[in-house]
Structure formats: C-alpha cells, structure tokens
*Asks:* 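Please see the structure below; I have some questions.
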Amino acid sequence: MKRSYTFIPLFLLLCVAIVACSNKNKTGMDSEDKESKTIVNVPQFDADSAYQYVKAQVDFGPRVPNTAAHRACGDYLAQKLEQFGAKVYNQQADLMAYDGTLLKARNIIGAYKPETKKRIALFSHWDSRPWADADPDEKNHRTPILGANDGASGVGVLLEIARQIQQQQPELGIDIILVDAEDYGAHQSYKGAHKEEYWALGAQYWAQSPHVQGYNVRFGILLDMVGAKDATFFYEGYSEEFAKNINRKVWNAANDLGYGRYFIKQQGATVTDDHLFVYQHARIPTVDIIQYSEEAGFYENWHTVKDDMDGIDRNTLKAVGQTVMEVIYKEK
Ligand code: AHN
Ligand code: ZN
C-alpha cells in the first residue's frame with residue numbers, strides 16, 4: 001500500500017512530461033531553433049531615441065578639439081556607453097593638425113563581449129568641423145559648425161545601437177568606436193597641398209595603435225552623415241576596393257528591409273574618410289555609409305552653419321540604424 005502513494009505522482013509527472021515534449025515537437029520550435037540558425041529576432045531600432053542622442057551632442061555646441069564643448073561631449077559619450085553596459089576605453093592622444101595645431105584628441109571605444117574573438121566594429125567620428133568653409137556666405141568661413149549631420153548623426157545611431165545591445169546581445173562581439181579629429185582637414189583657403197592624411201587623425205591613430213593588443217575584427221562599418229531627409233547612400237569607392245562583399249551585405253540587408261530608396265546599389269563617390277585609414281593601417285575591411293548624390297554631392301548643408309537639427313530626419317536614422325542592426329544580429 002505504501003508504494004502506490006509514491007508511484008502515482010511519479011506516473012502523473014511522467015505523463016505530463018511526455019505531453020509537454022510532444023507538444024513542443026508539434027510546434028516545430030525545438031527542431032527549428034537547432035537546425036536553421038538564420039532565424040534571429042532583430043530588435044527594433046528606436047529612431048526617437050537616436051534623435052535625442054543626436055540632439056544631446058548638438059546641444060553642447062560645436063565639438064571642436066581643444067574646446068570645453070568638445071571635452072564635455074567626450075565625457076557624455078563615454079558615460080552613455082558605460083551606462084549601456086559596454087567596456088569603455090578612452091584613448092587620449094595629442095595629434096598634429098595640418099597647420100601645426102596640437103589637438104587634444106580622444107577616441108572613445110565601447111566593447112561588448114570583449115572576450116569574444118568573432119567581432120564587428122562600428123565607427124563614427126564625434127568631432128565637428130572647426131570652420132564652415134563650404135558655407136555660401138564667406139563671412140561664415142571661420143565659424144565652427146554644429147555638425148548635427150556631419151558627426152552627431154552617426155554617433156547618435158551608434159548610441160541607440162549600444163542601448164539595444166545592452167537589452168539583447170548579438171552573437172558576435174561588437175565594438176563601437178567613436179573616433180575624434182576626423183574633420184580637422186585643411187581649410188578650403190589653405191594654399192599648401194591638400195593631403196588625405198590631414199583628415200581622420202583620430203582614426204589614423206587608432207588604426208596604428210588599437211585600444212587592445214592584437215585587435216582584430218571581421219569587418220567594420222563607418223557611419224558618416226546618416227541623418228538627413230531623403231539621404232541617398234551609394235557604394236563608396238574605397239569601400240568597393242577594400243570591402244566589396246561587406247558593401248553587398250549591408251546594401252542587401254537595407255533593400256530586404258525596404259530601405260532601397262536610401263541604399264542605392266550603384267557606385268558613387270570615392271571619399272577620404274576614417275575607413276580608408278582603418279584599412280590602410282589595421283587591414284580591417286570597412287565600408288562607409290555616407291550621404292552622396294550625383295546631382296548634389298555630399299549633404300547640402302555639408303560644412304556650412306546650417307548643419308543643425310533642422311536637417312535631421314528620424315526616418316533616415318531609422319533606415320540606417322535598422323540596417324546596421326540587421327547586419328550585426330544576423331552575423332554568425
Ligand atoms: C574630404 O572632403 C576629402 N573628405 C570628407 C570627409 C568628411 C568630412 N566626412 C565628413 N566630413
Ligand atoms: Zn565634415
């Protein structure tokens with residue numbers, strides 16, 4: 001008699017377990033999860049959130065190296081990456097500009113899953129240009145720019161991606177690399193040679209001495225001027241040369257998501273930008289998502305005093321942010 005009391009609950013438990021298992025098999029969830037690894041839920045990029053991160057940077061004023069606004073914004077960016085759970089590295093360096101000015105530069109790196117070998121790097125420059133030397137009004141040619149699109153837009157998208165990563169980690173390790181002193185290239189009026197190496201000083205420094213020894217990643221994606229209304233992004237020339245397959249990967253992802261009106265599958269300009277030096281010095285194949293059109297060239301308010309928040313459109317931030325998330329979460 002005593003034995004039957006223990007036998008009955010055990011028998012019932014076994015029945016429940018069998019039913020549970022057979023139900024799971026009927027839904028197909030078990031086998032699907034194991035067999036087709038391409039099924040990943042990519043989180044939804046929040047464009048309102050990204051917009052706020054763009055605005056927060058612009059609210060500091062022009063982020064020109066050696067200014068208080070630049071220092072304060074650098075602290076803000078490092079603090080946000082920290083808050084979003086990244087391991088944060090600060091690279092401080094004195095970098096010589098084309099005119100001999102020593103720039104107190106700071107690259108800010110936020111690393112997710114720092115111990116993982118399989119990695120992707122996402123880049124954007126966080127400084128803004130010291131002069132609006134492409135402004136239609138010559139009186140503005142010595143005025144620093146707000147760089148809402150040229151600078152803050154890419155960083156705003158990356159901060160939102162950092163926030164998303166904290167909530168749901170992709171399989172690969174992700175490095176968010178905010179480079180400084182991209183936009184200190186020679187003033188338009190400069191009479192000397194206009195060298196490529198005058199641009200992207202922070203990226204050149206990082207690529208020659210990365211934040212960790214033996215650093216390597218599969219590929220990189222650079223965001224530059226990714227916030228303007230109706231922006232178009234073409235295959236950039238150096239990206240085609242050094243990272244053609246990554247260009248296809250990103251543009252295919254964008255088109256699959258329905259962002260084909262932004263991501264045009266045709267070659268556009270060749271642009272001296274951070275990704276060139278990342279490839280040259282660190283051999284990391286990196287593509288540049290940068291606004292360009294055959295009719296208008298770069299962003300219409302590029303290097304003018306009008307590169308402010310009025311030019312920032314949430315729809316473009318969404319197209320770029322969701323596309324980058326699609327790429328990084330689907331990578332195995
Ligand atoms: C040149 O004008 C050669 N390169 C521009 C790179 C850049 C500046 N991107 C944003 N601002
Ligand atoms: Zn610029």
Side-chain angles (χ1 to χ4, degrees), residues 54 57-58 61-65 67 69-70 73 95 97-99 103 105 107 122-136 140-158 177-190 192-204 206-207 220-228 231-239 241-242 268-280 286-293 296-308 311-312 316 320:
V54 178
Q57 294 168 76
V58 171
R63 281 87 61 219
V64 174
T67 66
H70 178 268
C73 186
L95 304 176
Y98 74 100
D99 60 355
L103 306 177
N107 294 327
L122 307 176
F123 299 89
S124 194
H125 78 86
W126 71 271
D127 61 308
S128 62
R129 184 145 177 84
W131 325 281
D133 55 347
D135 200 278
N140 295 328
H141 282 195
R142 292 282 161 188
T143 306
I145 71 166
L146 282 171
N149 197 29
D150 187 359
S153 67
V155 173
V157 167
L158 293 186
I177 303 180
L178 308 180
V179 287
D180 200 356
E182 187 277 337
D183 234 341
Y184 220 103
H187 192 279
Q188 268 191 8
S189 69
Y190 181 63
H194 284 244
K195 299 182 183 171
E196 282 190 310
E197 313 87 80
Y198 293 157
W199 300 93
L201 300 178
Q204 292 185 55
W206 177 83
I221 302 174
L222 168 64
L223 309 185
D224 194 359
M225 298 189 272
V226 294
T232 50
F233 309 110
F234 287 74
Y235 294 135
E236 182 277 330
Y238 287 125
S239 312
E241 211 175 305
F242 306 131
T270 298
V271 185
T272 306
D273 210 342
D274 300 304
H275 70 311
L276 169 63
F277 303 101
V278 167
Y279 183 77
Q280 275 186 354
T286 303
V287 298
D288 193 3
I289 302 177
I290 183 166
Q291 180 175 356
Y292 172 81
S293 79
F298 288 148
Y299 172 51
E300 56 175 330
N301 297 321
W302 180 69
H303 294 182
T304 75
V305 296
K306 275 179 71 183
D307 183 0
D308 57 21
I312 301 300
T316 308
V320 172

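We count ligands from 1, going down the list as the structure has it; atoms in each ligand are counted the same way. Counting from 1, the numbers follow the sequence of the chain as shown.
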*Asks:* Exactly which residues line ligand 1, taking a heavy atom under 4.0 Å from it as the test?
*Replies:*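 Ligand 1 is contacted, at a heavy-atom distance under 4.0 Å, by D150, E182, D183, W199, D224, M225, T272, W302, H303.
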*Asks:* Identify the heavy atoms of V58 and A152 that sit nearest to each other, and give their distance.
*Replies:*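 Of all heavy-atom pairs spanning V58 and A152, the closest is CG2-CB, 4.0 Å.
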*Asks:* Can you give me the closest heavy-atom contact between A134 and T304, atom names plus distance?
*Replies:*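 Closest heavy-atom pair between A134 and T304: O-CG2, 3.6 Å.
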*Asks:* Quick one: how many protein N/O/S atoms are under 2.8 Å away from the Zn ion (ligand 2)?
*Replies:*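 Under the 2.8 Å cut-off, the count stands at 4.
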*Asks:* Could you grab the distance from atom CG of D288 to atom CG of D273, nearest 0.5 Å is fine?
*Replies:*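 If we round to the nearest 0.5 Å, D288:CG and D273:CG are 4.5 Å apart.
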*Asks:* Give the C-alpha distance, both sets of side-chain angles, the deciding distance and a yes or no for side-chain contact (heavy atoms from CB on, under 4.5 Å) between F242 and T286.
*Replies:* CA-CA 7 Å; F242 306 131; T286 303; over 6 Å; no
*Asks:* Does Y198 have any side chain to side chain contact (heavy atoms under 4.5 Å, CB included) partners at least two apart in sequence or in another chain, and if so, which?
*Replies:*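 Y198 satisfies side chain to side chain contact (heavy atoms under 4.5 Å, CB included) with Y98, A186, Y190, K195 only.
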*Asks:* Taking only residues two or more places apart in sequence, or in another chain, which ones meet T67 in a side chain to side chain contact (heavy atoms under 4.5 Å, CB included)?
*Replies:*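 Side chain to side chain contact (heavy atoms under 4.5 Å, CB included) check on T67 returns V64, A69, H70.
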*Asks:* L223 pairs by side chain to side chain contact (heavy atoms under 4.5 Å, CB included) with which of V155, V157, I290?
*Replies:*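 Passing option: V157.
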*Asks:* Would you please test I312 and N149 for side-chain contact (heavy atoms from CB on, under 4.5 Å) and show each step?
*Replies:* CA-CA 7 Å; I312 301 300; N149 197 29; 4.0 Å; yes
*Asks:* Determine yes or no for a side-chain-to-main-chain donor-acceptor pair under 3.5 angstrom, with H141 supplying the side chain and W131 the backbone.
*Replies:*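 Answer holds: no.
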